[in-house]
Every structure is written in C-alpha cells, then in structure tokens.
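These figures come from a predicted structure and were not determined experimentally. Chain letters run A, B, ... following the sequence lines, proteins first and then strands; every chain starts at 1.
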There are 4 protein chains.
Amino acid sequence: MGRKQAFTKSELLDKTKQLLLKHGYEGFQLKLLSGNLVGARSTIYQYYANKDEIVAACMKRVMENVLRKASAIDQTDCMIALQNLLTVYLEEADFHQLLGDAHKINTANSVAAANDLEFIEQAHITLKNQLELLFVRAQEEGNLNTSIPLPVIIGVYFNLIDTPNMMNLPTPEWSKLLYQMWLGGAGRD
Amino acid sequence: MGRKQAFTKSELLDKTKQLLLKHGYEGFQLKLLSGNLVGARSTIYQYYANKDEIVAACMKRVMENVLRKASAIDQTDCMIALQNLLTVYLEEADFHQLLGDAHKINTANSVAAANDLEFIEQAHITLKNQLELLFVRAQEEGNLNTSIPLPVIIGVYFNLIDTPNMMNLPTPEWSKLLYQMWLGGAGRD
Amino acid sequence: MGRKQAFTKSELLDKTKQLLLKHGYEGFQLKLLSGNLVGARSTIYQYYANKDEIVAACMKRVMENVLRKASAIDQTDCMIALQNLLTVYLEEADFHQLLGDAHKINTANSVAAANDLEFIEQAHITLKNQLELLFVRAQEEGNLNTSIPLPVIIGVYFNLIDTPNMMNLPTPEWSKLLYQMWLGGAGRD
Amino acid sequence: MGRKQAFTKSELLDKTKQLLLKHGYEGFQLKLLSGNLVGARSTIYQYYANKDEIVAACMKRVMENVLRKASAIDQTDCMIALQNLLTVYLEEADFHQLLGDAHKINTANSVAAANDLEFIEQAHITLKNQLELLFVRAQEEGNLNTSIPLPVIIGVYFNLIDTPNMMNLPTPEWSKLLYQMWLGGAGRD
DNA sequence: TATGAATGAGTTTTCATTCAT
DNA sequence: CATGAATGAAAACTCATTCAT
C-alpha cells in the first residue's frame, strides 16, 4: 500500500473550475492548483497527463451537469420550460464564461483532451437545438413579439445568464425576475 | 532626427487591445505584440517601461473614448439618452470585457500604470453615476416597470452590451433592437 | 523522497560569496553561479526567489560568522582582545569588502532580503560598539597615543584588515605582525 | 557647422570616474553616463568606440595624474619624500579603488583600450619602483623598525590610503596624521 | 502511489551598440 | 557632428513537466 490518497479527481476538477473562472485559461497555473489542494504538484500527473487535459475534463464535467439538468426539464409547456431552463442555466451560470475559453485548449498533445472537447461541442449543439425548438414553439404559439427577429430574442435570453446578481437574490427568485424582465420588458406595465 | 519610428504609440495600443481581447490579460505576451507590429520586441520598451504599463495605457485609452462619447450625450430626455448611451456602449462594446481584467494589472512596479488605473476607476464611477441618474429620472417619470427593482433593470440594461450580434446588424440598428427588447420585452406585444 | 539535491543551500552561498568577491554585486550573474554548481540555473530558484535574496542571504551568513567569532572573544584585557579581534577580522577578511555592497541590494521585491539586510545592519552596529568600547578602555588605561584622535586610531586599525598579505603568512602570524605595526609603528624601535 | 558640442571628452571622463567609483565596473552603464551629461547617449560613440575604451581612458587619465605628481616629488630626504608621496596618494585616493577593476577591462575589441591598459601597467611598475627605492633607502638609513619585514611595512603604508577620513580633515592634515600613526604607531608615546 | 526536487523551454526585461536623419 | 530611435544578444525569472526515491 502506498501513501494515502492526496486528493480525488473530483476535488481537483472543483478547484480547477474555481481557478479557471478567477484567472482565465492562460492564468490557470498548476502551481496555483496544487497550492489549493492537499497534495504535491506532481501528483496531479497521476490523474491527467497535462494541463490541457485537466481543463478539458473540467469543462466536460461542467457541460455534463448542464446537459443532464437541461434534458430533465419538462417541455410540455414551452414558456414554462423556458423559465425552468433559465433557472438551470443560472444555477450553472459559470459554464457560459468557462466554456468561452474552450477553443484555447491545445488538443495536439492529448487524445483525451480532444475527445472531451468533441463532447463539449456536441453538447453545445444539443443545448442549442433544445433552445431553438422551444423558441420556435413559443413563437408559433404566439407568445413572442413578432417584430423582433428570433435570433435576437434567443441571444438576449441567453445573455441574461451573465447579468450580475448584485442584490444576491436566491437563484429561483433571481431567475423569475430575469425571466419577467425578458418577457415583459423594463418599461411601464 | 534619428531613425524613423517603427510604429506609433497608437498602433501599439491598437494591437494591444486586439490581443488583450483575444488572449486575455495573462495570455497577452510581448512576443505576440511585437509579432503583430513591424519592429523588434525590445523597441516596445522605448514606449512603455513594462507590460503592465502597456495594458494600463491601453485600458485608459479605451475608457477615455467611452467617457468622451458618453458625456457628449444630450440628457434632456432620459429615455432617448438611455437609447443613445446604449449605442455608445455597443460601439465600444469591447471595453466591458477589456476592463474586466483591470484589477489584474500589477501596479507595484510602475507609477504610470498606477495612475492610469486610478483614472480608470474614477471614470468607472463617473459612468455609473451618469447611468444611475438617468435611471432614477426614468423611474420618476414613470417610464419603468415598478415591480422590478431598479438595480435589476440597470443590470440587465448594461448586460445587453455583451449580447452577441449574430446577425451582424449595423450598430445603430442593433442598438435600437436591443433597446426595444429591453424596454418592451420579448413577449407578445 | 524525490530526487536527490543537486546542491545544498550552503554550497550555493559559498559559491555566491566567491563570485561576489570576484565580480562585485553588479557583476554577479546567476549564469555564473549555476555554472559553478552542478545543477541547472532554474534550480537556484528552488532555494531563493531572486538574485537579491541570494546576495542578502550570503552576506547575512558571512556576518553571522563574524559576529559569532567576535562575541566569543575574551575581553578581560582590552589590548589582548584587540589583538584577537584583529585575528578574527583577518580570518574573515572578505566580509569587509563583501558587505561594502550591501546597500546595493534591492529589497523592494523581497521581504526575505529586507530582513537579512536589517540583520546585517544590526550586526554592524553591534560590532562597532564592541570595537569602540575596547578602544575607549584602551585609551583610559593609557595604552594609546594621546596625540592621535581616537577615530583615527580606530580607522587605521580597522583598515589593516585589507592590507594585502603578499608574503602569504599564516593568519595568526600575519595578525601579530599587523598588530605590532599598528601599535608600535614602522619607525625605528 | 553642426550642432554645438554636447560635452567634452574631459567632462565625459570626469563623470565616468565618478560613476565607476560609485557603481563599480560592472555597474557602470552608458545610460547612467549620458544621463549625467548634457548630450545623447549615442554621442558618446563620437569619442570612444565602446564602453571598455571609456573605462580604460578614464583609468589612464587618473594614472597619469598620479604619475605626474609622484614624479614631481623631491626625493632628497626619503622620509620627507614618503610623507609627501602619501599626501599625493591621498589626494588621488580614488585611484587605488578605481584601478582595482583594471583587469576587468575587455581589451579584445579595442586596441585603444589595450594600449591604455598597457600604459597603466607600466605606470604601476614605475610607482612601485619609486616606492620600493624610497623604502630601501629609509631602511638603510636606519629609519625603520628592523623586526618587521619591508614588504609588510610597505603594504601597511600603501593601505593607509583607503583609511576612511571620518573626521573630514583637510588632506594635508589627514596625511600628516596617518603618516605619524604609521611611523610611530598607535601605542603610548 | 505520492512526492520533493530538477530542469529546459519560454517569457520579460536590460543594455551596449548601430542606424538614419 | 549630434541625436532619437531601433535592435539583438544576454540576463532574470516562470512554469509545465519529468525524474528518482
């Protein structure tokens, strides 16, 4: 039996996510990572062959979460579904910012990273399809303002995710407020 | 007298902005910068004493632009002012993303960088004040939905800047569309 | 565990001292240092964060040696003490030259260097006090020429350290000779 | 006619000497030098082909001064001559410290520097011979303590030059005091 | 397996020197 | 001649990755 385990893969990916959000892809350094874990820097290489694999694995895991939650949503009523989907996205708000750096991952040195990236791209498409389907239904059901092109409506909806929650409202409440604003607008009611 | 300039300060800052947006603060490297200019890497040091000074100067210049445009707006009618202000912000859309890294600038080695950063912070406050004043007026004039807290309305408004313009509409048109969505909502009119 | 050390901290400081004496503060380069050790240049940074820390640590260690030896001297008879103190100083003759560059150390980037420098300055004061006390006693006991100001006597005494030992006499003998010359003069006996 | 002269060769060498004493050979930088003169850095190259030529020329000039003064001394009475020679050396006290770095001059790139260095070495020998001759005469005339080897007496004499003049006495007075101490010693008269 | 230590490739920065006006 | 600007070579320092225990 060797020494006791230094840190789990999951702990590693948790810290990775946190540091990636704080410092960005290029500012994410392994010294920082190991400094925020219990073991030695070199132990990281027991789990992943290089930095890009870690980043890719981290992003994949985040994406899996979003995918799972998003696909669990009941899509019977498309407007309710959109409200719930927004909540999901807000719960995993980081994923938007995080995945923005996905293209920086260097897949040249690692098949694993390449595979993870492939998964992420597929998932992206899946999510986008889900979203577009719901929006088309919403439009067909006459729930959307016809004078605004659908892509713009979708873009604004999706961009809501990054609105800073300055009042620190709990996510469900925050989600409702944003959805209300998106649907009804900021103007006089 | 002397040899003629390899590149101007302005060209340098233009490239800096571009690279900063593409690679982020930590991914911004002088090798990249000089590679995108005509001269040698060491020539950069004729203009700025170190990397942080370059970044700070770049951000300051961007901020000056925004400040100038924003303060030129006619504030007689606050709703029109808000529409025009949004256009300004969209024209300078990068500034939001760019200045997000301002806090990473290391001012320990450079008074110039520290001064620039100070300017940026002051400008931030100025812009915020302008925005809040307009919103308070808009609210007092009964133009805003009273069931949504003002900070949320402001937050969503400001966050519109980062909405990706997927249809590549010209900025004035794009601005009008976003403003319309923000004010009137995506829902049935 | 881990690979075995390329060189010890002590070896590093030994070489540092040697190179510092040969090339001076500004001529002391890490390339030179690593070239005189067994490992790679970057390995040096495992021990010290930057060049100034190395120089400061080196000077501190030298000063500690002198301080230890100087404070171990029996001060019952002040003239004998002065003779022995001279021997100590001659044994550590380099320290005079070495510490002459102490003020060049840049402490802005390193707390460790600043602390070491502080230690050195304190030690300087301690040594100076010891010396002055012995000289005052020597004067009071009527052992010194009253027509020469005490500071001059001290200055000449201390400056003896740097007299080049051209005949390569062993230190104790060399010390006795210098002391004799200092006390009795070069003139006809 | 071109522009008016930026600085003279003599001014250049004066500053060089000053900076060389303050920063040492390796710390002597041309940016520093031009910063302490009225013209541009590149103007230096109108006078000297490279850094080492400047340093060599500076040292040569200092040496010439010492040589001229030393050879002007009346050597009728050797003890008086030694006293006067000490005064000369004290007047030009820097030369000792300055020339200590002469061996660091890189003569590979410059014949001029090589020639200057050659001159310096010859002058060194000349001065040494003068000194030794005087000392031998002093010994033969029975003016020196026979129990101390001549090289030691000479070494101590010469080393007096570097004694710090803490009381800031005028050089003639300072010289007398040092000579007195050297000849008669610090001990009870 | 876990890790402390080593390291080379790459980055920032400095500086003597050259160039062109 | 004087100079402002350019520049390559070299120095300090960083960091992902490897090695050996």
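- The residue A/Gln46 sits close to a base: some heavy atom pair falls under 4.0 Å.
- Counting only heavy atoms from C-beta on, C/Lys4 has its side chain closest to F/dT21 among F/dT21, E/dT13, E/dA6.
- C/Gln5 comes within contact range of the sugar-phosphate backbone alone, with a heavy-atom separation under 4.0 Å but no base atom that close.
- If you measure from atom CD1 of D/Ile54 to atom P of E/dA16, you get 9 Å, rounded to the nearest angstrom.
- Note that the CD atom of D/Gln18 and the CG atom of D/Asn36 stand 6.5 Å from one another [nearest 0.5 Å].
- Counting non-hydrogen atoms of neighbouring residues, nucleotides and ligands closer than 6.0 angstrom, the NZ atom of B/Lys22 reaches no more than 12 such neighbours.
- The base of F/dT18 sits within donor-acceptor range of the side chain of C/Arg3, with an N or O pair under 3.5 Å.
- Considering only heavy atoms from C-beta on, B/Tyr47 stays 4.5 Å or farther from B/Leu13 through its side chain.
- Side-chain proximity of C/Ala40 to the nucleotides E/dT3, E/dG8, E/dT12 is greatest for E/dG8.
- E/dT12 is paired with F/dA11 under the Watson-Crick or G-U wobble criterion, all donor-acceptor distances under 3.5 Å.
- Pairing partner, E/dA20: F/dT3, with both Watson-Crick or wobble hydrogen-bond distances short of 3.5 Å.
- Looking at A/Val62 and A/Asp94, their side chains never come closer than 4.5 Å, going by heavy atoms from C-beta outward.
- For the pair C/Val38 and B/Leu30, both in contact range of DNA chain E, the more 5′-proximal nearest nucleotide belongs to C/Val38.
- Each of E/dC15, E/dT12, F/dA16 was ranked by its minimum atom distance to the side chain of B/Gln29; first place goes to E/dT12.
- Between C/Arg61 and C/Asp14 there is a salt bridge, with a side-chain nitrogen of the basic residue lying less than 4.0 Å from a carboxylate oxygen of the acidic one.
- In this structure, A/Leu32 places its CG atom 13 Å from C1' of F/dA16, rounding to the nearest Å.
- One atom, CG of C/Asn109, and another, P of E/dT12, lie 17 Å apart when rounded to the nearest Å.
- The C/Ser42 side chain lies nearest to F/dT14 when the options are F/dT14, E/dT13, E/dA6.
- If you check the side chains of B/Tyr45 and B/Glu53, you find no donor sitting under 3.5 Å from an acceptor.
- A sub-4.0 Å separation between OP1 or OP2 of E/dC15 and a side-chain N or O of D/Lys31 is absent.
- Counting only heavy atoms from C-beta on, A/Tyr45 has its side chain closest to F/dT18 among F/dT18, E/dA16, F/dA2.
- When the P atom of F/dA11 is taken as reference, atom CZ of B/Arg41 falls 16 Å away, rounded to whole Å.
- As a whole-Å value, the separation of A/Ile44 CD1 from F/dT18 P is 13 Å.
- Residues B/Phe7 and A/Ala49 each lie close to DNA chain F; by heavy-atom proximity, the contact nearer the 5' end of the strand is made by B/Phe7.
- A/Glu26 places its CD atom 12 Å from the P atom of E/dT11, with the value rounded to the nearest Å.
- A residue-by-residue look at B/Asn50 and C/Tyr47 shows that C/Tyr47 has its nearest nucleotide of DNA chain E further toward the 5' end.
- When the C1' atom of F/dA16 is taken as reference, atom NE2 of A/His23 falls 17 Å away, rounded to whole Å.
- To the nearest angstrom, P of F/dA11 lies 13 Å from CG of C/Leu33.
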